[in-house]
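Counting starts at 1 for both ligands and their atoms, following the listed order. All values below come from the heavy atoms of this structure, side chains included, with hydrogens, waters and symmetry mates left out.
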Amino acid sequence: MLKAKGLTRVYRLGGEEIRALDGVDFHVRSGEHVRIVGASGSGKSTLLNLLAGLDHPTAGSIETSAGSLTEMPPARIAEYRARWIGMVFQSFNLIPHQSALQNVALGMLFIGLPARERLRRAEETLTELGLADRLHHRPGDLSGGEQQRVALARALAKRPRLLLADEPTGNLDQENSARLAEWFARLSAAGLTIVVVTHDQQLAQRAVHRTLEMSYGRIVRETTHREVGPTAEGRC
Ligand SMILES: Nc1ncnc2c1ncn2[C@@H]1O[C@H](COP(=O)(O)OP(=O)(O)O)[C@@H](O)[C@H]1O
Ligand SMILES: [Mg+2]
């Protein structure tokens, strides 16, 4: 469960005010797969960053099962994000001089696991994502699709309650987008709670429960495709 009310984020740039988010009410249920669409600049990334606790709203509240994100002290927000939130970005955001295995293990640095367990989980997750023979490759020696799967492994190895993905196929070709879409569908079917910003029809058509459309900092349309099934694990 995650519930946001009246979320507002105003950026002040020079003398100008930009209302990137303008009073958004948002919720995601346990096991739900929500897709967010909307024109460039409509506030999608701003919303995702707020849900992840990477940014603080100008007004409004975010309730999580770990408490109110908007009232938590910064150290607890960092802990919440490290423990419960998996994030995937369009630009992969991998550390170039570290191997795939190290990149994934580093994603668990702040959740209090011993180094050996971090490496074990990193290897297990990369293997699940079909990268068993790429463990020691650096990002530069991997294809775009492989890099994005390493990024997904990094987000998943900590076993998050919520996966947030911001245009994850934005830098992938058709074939790799289809593969990533397949993974999102599988994860959703396994009960993971997912919020994904995407216009990719391959990602969109599979397994999505609800689509929200944003425009000028607001949610202007909501479409329910199907109900959340009994596979939901109640983790979010
Ligand atoms: N750090 C920032 N400073 C000033 N304006 C910003 C900043 N980040 C985003 N914006 C503005 O806020 C609006 C929403 O941006 P964003 O959430 O990135 O949109 P989207 O992800 O839908 O393309 C845009 O007008 C953008 O220019
Ligand atoms: Mg964006």
Looking only at side chains, do Asp200 and Thr198 share a donor and an acceptor under 3.5 Å apart?
-> no
Is there any side-chain hydrogen bond (donor to acceptor under 3.5 Å, both in side chains) pair reaching into residues 127-140, and which pairs are they, with sequence neighbours excluded?
-> Arg134-Glu146
Protein heavy atom under 4.0 angstrom of atom 14 (C) of ligand 1, is there one?
-> yes
Please state which protein non-hydrogen atom is closest to atom 18 (O) of ligand 1 and give its distance, to 0.1 Å?
-> Ser45 CB, 3.8 Å
Proximal candidate to atom 11 (C) of ligand 1 [heavy atom criterion; set Leu47, Ile18, Leu13] | Ile18
So, for Leu212 and Glu222, which heavy atoms are closest and what is the spacing to 0.1 Å?
-> CD2-CG, 3.5 Å
For Glu213, does its backbone N or O pair with a side-chain atom of Ser215 as donor and acceptor, under 3.5 Å?
-> no
Apply side-chain contact (heavy atoms from CB on, under 4.5 Å) to the pair Arg154 and Leu94, showing each step before the final yes or no.
-> CA-CA 9 Å; Arg154 180 183 53 188; Leu94 298 171; 3.8 Å; yes
Which of the numbered atoms in ligand 1 are below 4.0 angstrom from a heavy atom of Thr46?
-> 14 (C), 15 (O), 16 (P), 17 (O)
Do we see a donor-acceptor contact under 3.5 Å between the side chains of Arg210 and Thr223?
-> no
Looking only at protein heavy atoms, which one is nearest to atom 22 (O) of ligand 1, and how far off is it?
-> Lys44 NZ, 2.8 Å
How close does the nearest protein non-hydrogen atom get to atom 9 (C) of ligand 1, and which residue and atom is it?
-> Tyr11 CE1, 3.4 Å
Residue-ligand contact Ala39/ligand 1, heavy atom below 4.0 Å | yes
Does Thr46 put an N, O or S atom under 2.8 Å from the Mg ion (ligand 2)?
-> no
Do the charged groups of Glu79 and Arg83 touch, with an N to O distance under 4.0 Å?
-> no
What protein heavy atom is closest to atom 12 (O) of ligand 1, reported as residue, atom name and distance in Å?
-> Ala20 CB, 3.3 Å
The reported gap from CD in Gln102 to CG in Leu135 (rounded to nearest 0.5 angstrom) is 11.0 Å
Does even one non-hydrogen atom of Gly38 get within less than 4.0 Å of ligand 1?
-> no
Where is the nearest protein heavy atom to atom 20 (P) of ligand 1: which residue, which atom, and how far?
-> Gly41 N, 3.4 Å
